[in-house]
Amino acid sequence: MTVITRFAPSPTGLLHLGNIRTALINWLYARTHNGKFILRIDDTDQERSKDEYISKIKYDLEWLGIDYDDTFNQSSRFERYREQFEKLKADGRIYPCYETPEELERKRKLQMASGGKQVYDRTSLSLTDEEKRGYEDDGRKPHWRFLLQTERLKWNDLLKGELDIDLTSLSDPVLFREDGVPLYTFSSAVDDIDYNITNVIRGDDHTSNTAVQIEIINAIDKNRITFAHHALLKASSGDKLSKRDNVISIDSFRKSNLEPLAILSLLATIGTSQSIELKDSLNQIISEFKLETISTSPGRIEIDVLNALNKKQVQKLNFDDVSERLKNIDEKIDEKFWNTIRSNLETVEGVKQWSDIVFDSKLIEAEDKEYIKSAMELIPDDPWDENTWELWTTAIKEKTGRKGKELFLPLREAFTGMSHGPEMKLLIQLIGREKILERVKT
RNA sequence: GGUCCCUUCGUCUAGCGGUUAGGAUAUCUGGUUUUCAUCCAGAAGAUCACGGGUUCGAAUCCCGUAGGGACCGCCA
């Protein structure tokens with residue numbers, strides 16, 4: 001049997017670290033089992049779903065390198081949901097309810113106040129035909145609930161082990177809204193059956209929902225899906241991750257120039273027993289993936305770790321990997337330039353600062369004017385090579401008697417305006433004799 | 001309030017009855033680089049949430065307590 005997994009985001013916001021981790025895990029599970037990975041857009045709620053988010057979700061996945069074998073929108077399957085709805089209705093598994101949202105809300109408050117179970121009381125289940133007709137005549141349209149019959153539902157969760165949920169503690173789920181729109185609990189079950197999903201791997205927030213869905217799936221067909229629930233990720237503050245928290249959206253990471261591989265390396269290893277480290281490639285991530293290593297306790301994301309991974313990745317990138325991007329930053333950046341600068345970068349785009357320093361000819365005010373002046377009297381003639389810096393500084397050393405920091409730091413500052421940076425013997429070759437002379441003119 | 005889950009160095013975790021409680025990352029120190037980064041070497045860092053029980057022996061098994069998380073929607 002071919003393994004088929006899916007990622008089913010609702011297009012109501014941007015993808016963030018939490019969502020994308022679930023996507024990555026499902027993708028990796030499919031890829032490591034020679035299976036298929038499906039992207040399903042859960043857009044049954046047409047009011048909250050936006051096309052803008054659908055394209056952003058797809059773009060984020062593409063940017064990260066998470067590809068899918070098939071994709072579809074739930075909004076294209078309303079007919080199918082209706083069909084299954086009629087079947088459940090005929091089987092007597094769903095029943096019409098006439099409470100308004102306000103009435104339900106009032107009931108919940110009452111239940112909370114009395115300390116009782118906050119579960120739907122099934123009032124509408126015992127409505128007579130006459131009463132129902134009465135509501136209809138009043139202009140009320142029913143929403144439909146699924147009648148839960150199992151008391152305890154057990155399954156063997158691939159991550160959490162044997163689970164045993166008390167379904168009497170849960171309300172009969174609403175499957176269809178008053179306006180005829182199917183709800184997630186139902187449409188997802190129907191799709192998982194129709195698309196032969198073999199493994200559903202999702203966040204812990206779905207655990208009790210899974211109990212309900214298994215019973216629904218069994219009412220339609222017979223459950224063949226293996227479920228797995230991983231712990232959720234928390235923000236470094238300890239708070240839960242939110243779709244509205246743009247700081248951790250993939251979109252914002254891309255805008256702050258983080259590398260996809262750094263993000264994927266973090267997500268593939270955080271909350272697992274594997275070492276958090278930069279991976280060489282998506283293929284390496286695939287080959288090292290093991291579902292069992294994912295923890296069942298919630299872990300937090302430290303953004304500093306992501307930045308550190310990104311830095312490592314930038315320093316590993318070859319000129320060919322980034323030449324297109326560099327062209328957009330500054331045409332003059334060549335391979336030699338990149339190789340000199342990259343070890344001092346946090347992001348690829350950070351190269352801009354150094355191309356400004358190397359190619360611009362702004363005047364730099366030296367602090368140690370006398371010293372710089374005598375150093376400039378010794379400036380070697382062209383052409384400059386690997387040895388130029390050492391020859392020059394040796395000469396300066398002899399003349400001034402300075403050594404160590406005293407010797408080189410004023411020079412670095414006078415030539416670059418920075419107190420740190422790439423090796424001077426390389427950097428001065430990039431800047432060149434002419435520009436240095438121009439720059440320190442006193 | 002109910003249901004389900006979780007709790008080991010700052011952080012992510014290994015551990016399945018006998019370990020000096022291991023690793024990764026972060027931190028600190030030394031070396032390399034005449035700076036920074038990189039790299040190398042080393043150090044420090046965990047009364048295994050707490051209490052009780054079982055046992056010759058518990059991080060590990062059992063019970064309780066505390067803390068944390070998720071869900072309890074005509075959202076997904």
Side-chain angles (χ1 to χ4, degrees), chain A residues 8-13 19 42-45 47-49 74 97 99-101 104-105 108 111-120 141-145 152 157 159-161 163-171 173-185 187-188 202-212 229 231-232 234 236 238 240 243 266 269-277 293 295-302 304-305 308-309 311-312 315 342-346 389-390 393-394 397 402-409 411-413 418-425:
Chain A
S10 67
T12 54
N19 306 331
D42 282 6
D43 58 348
T44 50
D45 190 334
E47 279 186 18
R48 302 198 318 146
S49 298
Q74 286 198 317
C97 300
E99 294 89 348
T100 63
L104 290 171
E105 184 58 28
R108 265 192 294 272
Q111 285 170 331
M112 208 184 304
S114 66
K117 279 191 176 181
Q118 290 166 53
V119 167
Y120 176 61
K141 279 188 172 173
H143 56 279
W144 297 77
R145 286 187 192 262
R152 299 200 71 92
D157 194 277
L159 282 169
K160 299 177 84 161
L163 249 29
D164 184 6
I165 304 278
D166 178 6
L167 276 184
T168 64
S169 72
L170 265 26
S171 297
V174 174
L175 261 33
F176 272 80
R177 302 201 308 210
E178 178 193 311
D179 62 5
V181 172
L183 260 10
Y184 167 80
T185 311
S187 53
S188 178
R202 66 215 315 200
D204 198 23
D205 51 339
H206 283 282
T207 306
S208 34
N209 192 240
T210 292
V212 170
H229 295 87
L232 266 16
K234 290 188 293 179
S236 46
K240 73 179 242 177
K243 274 192 183 179
L266 176 73
T269 53
I270 194 165
T272 75
S273 55
Q274 297 187 47
S275 300
I276 297 175
E277 59 182 15
T293 64
S295 169
T296 48
S297 60
R300 34 178 96 191
I301 295 169
E302 302 279 345
D304 289 348
V305 174
L309 290 176
K311 191 172 177 179
K312 281 191 180 148
Q315 294 172 0
R342 65 173 171 182
S343 63
N344 283 79
L345 299 178
E346 306 260 337
W389 177 247
E390 202 186 331
T393 50
T394 306
K397 191 189 213 167
R402 292 199 190 199
K403 57 183 178 181
K405 230 175 187 168
E406 296 268 283
L407 176 75
F408 70 82
L409 196 62
L411 297 172
R412 174 182 283 281
E413 284 174 343
M418 304 282 289
S419 58
H420 63 89
E423 279 188 73
M424 282 303 279
K425 73 170 182 183

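A note on names: the letters A, B, ... follow the listed sequences, proteins ahead of strands, and every chain is numbered from 1. Both backbone and side-chain heavy atoms feed into the values below; hydrogens, waters and symmetry mates do not. None of these values were measured; they are calculated from a predicted model.
Going from the P atom of B:U20 to that of B:U29 covers 32 Å, rounded to whole Å. Here, B:U33 and B:U19 have their C1' atoms 40 Å apart, quoted to the whole Å.
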Polar atom pairs (N or O), protein with nucleotides 36-42 of chain B, under 3.5 Å:
| residue | atom | partner | partner atom | Å |
| --- | --- | --- | --- | --- |
| B:C36 | O2 | A:Asn344 | ND2 | 2.4 |
| B:C36 | N3 | A:Gly421 | O | 3.2 |
| B:A37 | O2' | A:Gln315 | NE2 | 3.3 |
| B:A37 | O2' | A:Ser343 | O | 3.2 |

Identify all pairs in which a protein N or O lies below 3.5 Å from an N or O of nucleotides 4-10 of chain B, and state each distance.
| residue | atom | partner | partner atom | Å |
| --- | --- | --- | --- | --- |
| B:C4 | OP1 | A:Arg152 | NH2 | 2.6 |

Nucleotide N/O to protein N/O under 3.5 Å, stretch nucleotides 62-66 of chain B:
none

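When each of A:Gly299 and A:Ser171 is assigned the nucleotide of RNA chain B with its nearest heavy atom, A:Gly299 is the one assigned upstream, toward the 5' end. Residue A:Ser208 is the one, among A:Ala8 and A:Ser208, whose nearest nucleotide of RNA chain B lies closer to the 5' end (criterion: closest heavy atom).
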Got a list of side-chain donor-acceptor pairs under 3.5 Å for residues 112-120 of chain A, not counting sequence neighbours?
| residue | atom | partner | partner atom | Å |
| --- | --- | --- | --- | --- |
| A:Ser114 | OG | A:Leu110 | O | 3.3 |
| A:Ser114 | OG | A:Gln111 | O | 3.2 |
| A:Tyr120 | OH | A:Glu99 | OE1 | 3.3 |
| A:Tyr120 | OH | A:Glu99 | OE2 | 2.6 |
| A:Tyr120 | OH | A:Ser124 | N | 3.1 |
| A:Tyr120 | OH | A:Ser124 | OG | 3.3 |

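Residue A:Lys234 places its side chain closer to B:G68 than to any other of B:A76, B:U11, B:G68. Ranking B:G1, B:C75, B:C12 by closeness to the A:Asp45 side chain, first place goes to B:C75. Side chain of A:Ser273, nearest nucleotide from B:U13, B:C74, B:U11: B:U13. Out of B:A24, B:U3, B:C71, the shortest distance to the side chain of A:Ser169 is found at B:U3.
Phosphate contact (OP1/OP2 of B:C72, side-chain N/O of A:Arg108, threshold under 4.0 Å): absent. Residue A:Ser275 places no side-chain N or O under 4.0 Å from the OP1 or OP2 atom of B:G23.
The aromatic ring of A:His206 sits over the base of B:A76, with ring centres less than 5.5 Å apart and planes inclined by under 30°.
Looking at A:Thr393, its side chain comes within 3.5 Å of the base of B:U34 through a donor and an acceptor atom. In terms of polar N and O atoms assigned as donor or acceptor, the side chain of A:Gln118 never comes within less than 3.5 Å of the base of B:G2 in a complementary pairing.
A:Thr44 comes within 4.0 angstrom of the backbone, heavy atoms only, and of no base.
Under the ring-ring contact (aromatic ring centres under 6.0 Å, His included) criterion, A:Tyr184 pairs with A:His206, sequence neighbours left out. Under the salt bridge (charged side-chain N to carboxylate O under 4.0 Å, His left out) criterion, A:Lys234 pairs with no residue, sequence neighbours left out.
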